[in-house]
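To keep things clear, I will list the structure first and then write my remarks on it.
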Amino acid sequence: MDRSTKNRLLREAAENPGLLLTREKFWKLELWPHYLRRCDDILFNDPRAGLNFCKPAPQLAAKIAERHPSANGADLFLLGYSYQASGYRRNDDLGRAEEAFRLARNHTDGASQKALAEHLRRYAYLRIFQQDPACFAIIGEAITINRMRGNLVTRHALGECLICRGRAYFVFGKQGDAFADYTAALNHVSLKIDPKPHYCVLHNLTVWAVKYGTDKQLDQAYENLKAALGLLGNWWGSPYPKLKLRWLMGIVDGRRGVSGRAEFVLIDVRKGLVKLKLLYEVGMISIDLALLYLKTRQHQKIAPLVKATAATFRSIGANAAANEALDIWRQAERLDEELLLEVREMFFAQAQPIPTIAA
């Protein structure tokens with residue numbers, strides 16, 4: 001089955017998920033991993049539609065297992081129930097998520113290590129959401145499995161697990177450990193395999209870098225970010241990942257006191273975000289520049305920045321997003337650090353393209 005056929009079938013199923021259980025053309029083993037990936041894609045963009053799409057996953061697994069008796073049925077059912085559980089969790093239906101994970105655990109015997117690690121990662125997110133410290137043992141087991149598998153193919157899965165553990169550390173107040181896992185994950189997750197975890201970890205790192213971190217942690221983080229930027233050197237997709245990495249490096253530089261380089265990087269990245277017409281990101285990075293100028297007592301640079309940013313919003317267009325961004329920005333005209341941070345949070349709430357919990 002070629003790529004265009006898979007995409008066509010999944011588009012058809014997304015429009016009417018009921019077809020997954022009534023049409024034999026969907027009961028193909030080679031379509032299964034692409035269906036699972038699409039479950040996450042739709043959940044990210046529209047949680048309610050995503051739940052409708054992934055809810056039939058266990059029954060679809062049964063159809064595929066019956067049609068392909070040589071397939072690993074334990075893997076099919078373990079993942080089917082786990083993805084269904086993720087759909088319920090993303091829609092705050094924790095009772096049904098718990099039940100789906102319970103049914104998933106009935107199929108751990110005979111499952112592959114790869115499928116088991118994926119199940120554990122998803123289960124750990126539910127425990128994180130419930131603020132249950134048991135999440136650390138669960139995600140720790142998934143990390144161990146991926147490290148023991150030990151080849152380059154599993155690096156992406158390991159990176160996703162590190163993002164999960166980083167989130168657990170963040171929720172339980174272990175901010176230094178959270179940053180260590182987030183920055184390490186950047187050197188594992190692959191944009192080619194799935195860009196969502198990459199954006200997720202950048203999102204989480206940005207939150208962390210603005211609020212936390214010792215000098216030593218920031219120094220190590222900068223080196224990890226620089227290495228991650230090097231890994232993106234041959235990426236020919238959207239320029240946004242590189243811009244976001246450099247943006248984060250500029251923030252870290254500002255926190256480390258390397259203010260000249262931080263200013264240069266933030267100004268340059270801001271130009272790139274303007275070209276991409278990413279309004280809320282332009283607002284956030286403009287706030288970051290203003291905060292840097294406050295910190296370095298370059299108050300004379302702030303008023304021109306405020307004026308230029310307002311002009312940028314007007315030039316990008318008169319659409320609803322541009323008008324909303326301009327309304328938010330007007331609140332930043334009073335040069336107070338606490339207020340600037342509040343305005344940044346307002347932009348951040350509008351801009352974030354990836355949920356903090358990715359799966």
Side-chain angles (χ1 to χ4, degrees), residues 44 182 186 191 195-196 198-211 221-222 225-226 228-233 235-255 258-295 298 301-333 340-356:
F44 158 60
Y182 287 155
L186 277 174
L191 281 162
K196 293 191 301 300
H198 185 90
Y199 286 118
C200 171
V201 74
L202 289 177
H203 168 109
N204 293 345
L205 277 168
T206 303
V207 173
W208 192 98
V210 170
K211 296 182 179 180
Y222 189 87
L225 293 168
K226 187 164 65 174
L229 185 62
L231 290 174
L232 283 180
W235 174 250
W236 295 102
S238 165
Y240 183 70
K242 292 179 184 177
L243 287 172
K244 193 67 181 285
L245 269 176
R246 293 184 62 226
W247 181 358
L248 186 55
M249 292 169 74
I251 292 174
V252 172
D253 263 342
R255 286 287 311 278
V258 190
S259 55
R261 186 168 66 188
E263 180 183 7
F264 174 83
V265 169
L266 292 175
I267 289 174
D268 192 55
V269 171
R270 185 181 181 281
K271 292 176 182 176
L273 296 173
V274 170
K275 287 182 180 179
L276 294 177
K277 298 185 177 181
L278 296 173
L279 291 159
Y280 302 117
E281 284 81 357
V282 171
M284 281 193 291
I285 200 168
S286 298
I287 294 288
D288 292 334
L289 269 168
L291 289 168
L292 180 66
Y293 292 148
L294 278 178
K295 179 181 178 181
Q298 299 183 78
K301 294 184 177 181
I302 299 179
L305 174 65
V306 171
K307 184 178 180 180
T309 303
T312 296
F313 290 146
R314 294 190 190 98
S315 68
I316 287 177
N319 55 51
N323 290 331
E324 182 177 11
L326 185 58
D327 287 341
I328 294 173
W329 182 250
R330 288 193 179 106
Q331 301 178 59
E333 293 180 358
L340 287 174
L341 287 171
E342 289 178 5
V343 174
R344 192 188 195 284
E345 286 294 322
M346 295 171 69
F347 279 122
F348 185 77
Q350 296 293 331
Q352 50 183 299
I354 298 294
T356 302

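Start at 1 with the first residue, then count along the sequence.
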Crowding at NZ, K295 (>12 non-hydrogen neighbours, <6.0 Å): yes

Return the [atom1] to [atom2] distance between [X] and [Y], rounded to the nearest 0.5 Å.
X: D268; Y: K271; atom1: CG; atom2: NZ; value: 6.0 Å
X: I287; Y: E345; atom1: CD1; atom2: CD; value: 11.0 Å
X: K244; Y: H198; atom1: NZ; atom2: NE2; value: 9.0 Å
X: L340; Y: L289; atom1: CG; atom2: CG; value: 11.5 Å
X: L229; Y: L243; atom1: CG; atom2: CG; value: 10.0 Å

Which heavy atom of [X] sits nearest to which heavy atom of [Y], and what is that distance?
X: A325; Y: L279; result: CB-CB, 4.2 Å
X: I285; Y: L266; result: CD1-O, 3.5 Å
X: L245; Y: L225; result: CD2-CD2, 3.9 Å
X: S286; Y: W329; result: CB-CH2, 3.6 Å
X: E281; Y: W247; result: O-CH2, 3.5 Å
X: Y280; Y: E324; result: OH-OE1, 2.9 Å

Chi angles and distances behind the side chain to side chain contact (heavy atoms under 4.5 Å, CB included) call for R270, D288: CA-CA 10 Å; R270 185 181 181 281; D288 292 334; over 6 Å; no

Check this for me, if you would: do R330 and D327 make a salt bridge, where the nitrogen-to-carboxylate-oxygen distance has to be below 4.0 angstrom? yes

Non-neighbouring partners of K277 that pass salt bridge (Lys or Arg N to Asp or Glu O under 4.0 Å), sequence neighbours left out: none

State which residues pass salt bridge (Lys or Arg N to Asp or Glu O under 4.0 Å) with K301; sequence neighbours excluded, sorted by chain then number. E263

Using the test side chain to side chain contact (heavy atoms under 4.5 Å, CB included), find all partners of A262 that sit at least two apart in sequence or belong to another chain. D253, L292

Does any part of the side chain of L278, heavy atoms only, come nearer than 4.5 Å to the side chain of Y240, both counted from C-beta? yes

